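Notes to accompany the following structure.
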Amino acid sequence: MPRHPRKSDFPVSQVRRYLEPGPIVLVSSKWRGKTNIMTMGWHTVMEFTPSLVGCVIADGNHSFHMIRDSGECVINLPTTALTDAVVGIGNSSGATIDKFREFGLTADEAREVEAPLIRECHASFECRLHDDAWVDRYNFFVFEVVRAHVAASPKHPETLHYTGDGVFMVSGKIINRRSKFRPEML
Ligand SMILES: Cc1cc2nc3c(=O)[nH]c(=O)nc-3n(C[C@H](O)[C@H](O)[C@H](O)COP(=O)(O)O)c2cc1C
């Protein structure tokens, strides 16, 4: 086994396979009395306080307009138990179907926003649109998480991480290096 892996040229359009952060989330929304859900892999934590999360929502998605117009959404964390729903929700449009009904999911009332929580998910983060400056240019929304609901166990849920082409990696082994971290970096 070489000390350094040998690398070869790789198509830049496919670096998602290595850089896409995951975990895959389900983003629920509500607008004019109708609810919807989309699958999302393109999100990133941007700040702790306020709790900011940036997300790319393509403007062809039904969710784009629902979230932009309502200024709200809920980011829900599914586990591998919901893999089929994750795929189905990401390959259908809320313009033509009711995804809660179609995929057997339960919409629970949120505390701070109108968009519903997905009961079957491990965690749900209620979000308000914080900054839409890059929405027209990159479909990039910056949300503030205004309330978070998290299941007490398992501590490390088995989440899905997308590598493109219909293939997911699953979170697994835990490595703890807490003793080497500065408190402010935790
Ligand atoms: C694994 C996976 C990840 C996805 N990630 C994103 C994403 O980050 N941003 C996005 O705009 N669409 C993403 N999609 C596509 C949307 O989920 C898909 O277009 C969905 O049908 C949109 O639903 P809607 O039209 O009801 O809003 C993803 C789909 C899958 C299957």
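Basis for what follows: all heavy atoms, side chains included, without hydrogens, waters or symmetry-related copies. We count ligands from 1, going down the list as the structure has it; atoms in each ligand are counted the same way. None of these values were measured; they are calculated from a predicted model.
Around the CZ atom of F10, the shell of radius 6.0 Å holds more than 12 heavy atoms that belong to other residues, nucleotides or ligands.
In this structure, F141 and F64 have perpendicular ring planes: the angle between them is above 60°, well past the 30° mark.
Atoms of ligand 1 found under 4.0 Å from any heavy atom of M38, numbered from 1 in the order shown, are 9 (N), 10 (C), 11 (O), 12 (N), 13 (C), 22 (C), 23 (O), 27 (O). Residue contact check: S93 has heavy atoms under 4.0 Å from atoms 25 (O), 26 (O) of ligand 1. Near S63, the atoms of ligand 1 lying under 4.0 angstrom from a non-hydrogen atom of the residue are 24 (P), 27 (O).
Considering backbone and side-chain N/O of N61, one or more are found under 3.5 Å from N/O of ligand 1.
Side-chain atoms of H161 and T163 form no donor-acceptor pair, as typed in the model, at a separation below 3.5 Å. Side chains of S63 and S29: no donor on one and acceptor on the other come within 3.5 Å.
Nearest protein heavy-atom contact of atom 18 (C) of ligand 1 is G90 O, 3.3 Å. Looking only at heavy atoms of the protein, atom 30 (C) of ligand 1 is closest to T39 CG2, 3.7 Å.
Between F125 and F143, the distance separating the two ring centers is not shorter than 6.0 angstrom.
Ligand 1 lies nowhere less than 4.0 angstrom from a heavy atom belonging to V87. Heavy atoms of K99 come nearer than 4.0 angstrom to ligand 1 in at least one pair. Residue I89 places a heavy atom under 4.0 Å from ligand 1. The closest approach between F168 and ligand 1 falls below 4.0 Å for a heavy atom of the residue.
Of all the listed residues (M40, H65, H62, E20), H62 holds the heavy atom that lies closest to atom 24 (P) of ligand 1. Evaluated by nearest non-hydrogen atom to atom 9 (N) of ligand 1, the leading choice among L160, V56, L26 is V56.
Under a hydrophobic-cluster definition in which Ile, Leu, Val, Met, Phe, Trp and Tyr are linked whenever side-chain heavy atoms come within less than 4.5 Å, directly or via other members, F103 and I118 are assigned to the same cluster.
Distance CG/L77 to CG/L82: 9.5 Å, rounded to 0.5 Å.
Note on D136 versus R68: salt bridge recorded, some NZ/NE/NH1/NH2 to OD/OE distance being below 4.0 Å.
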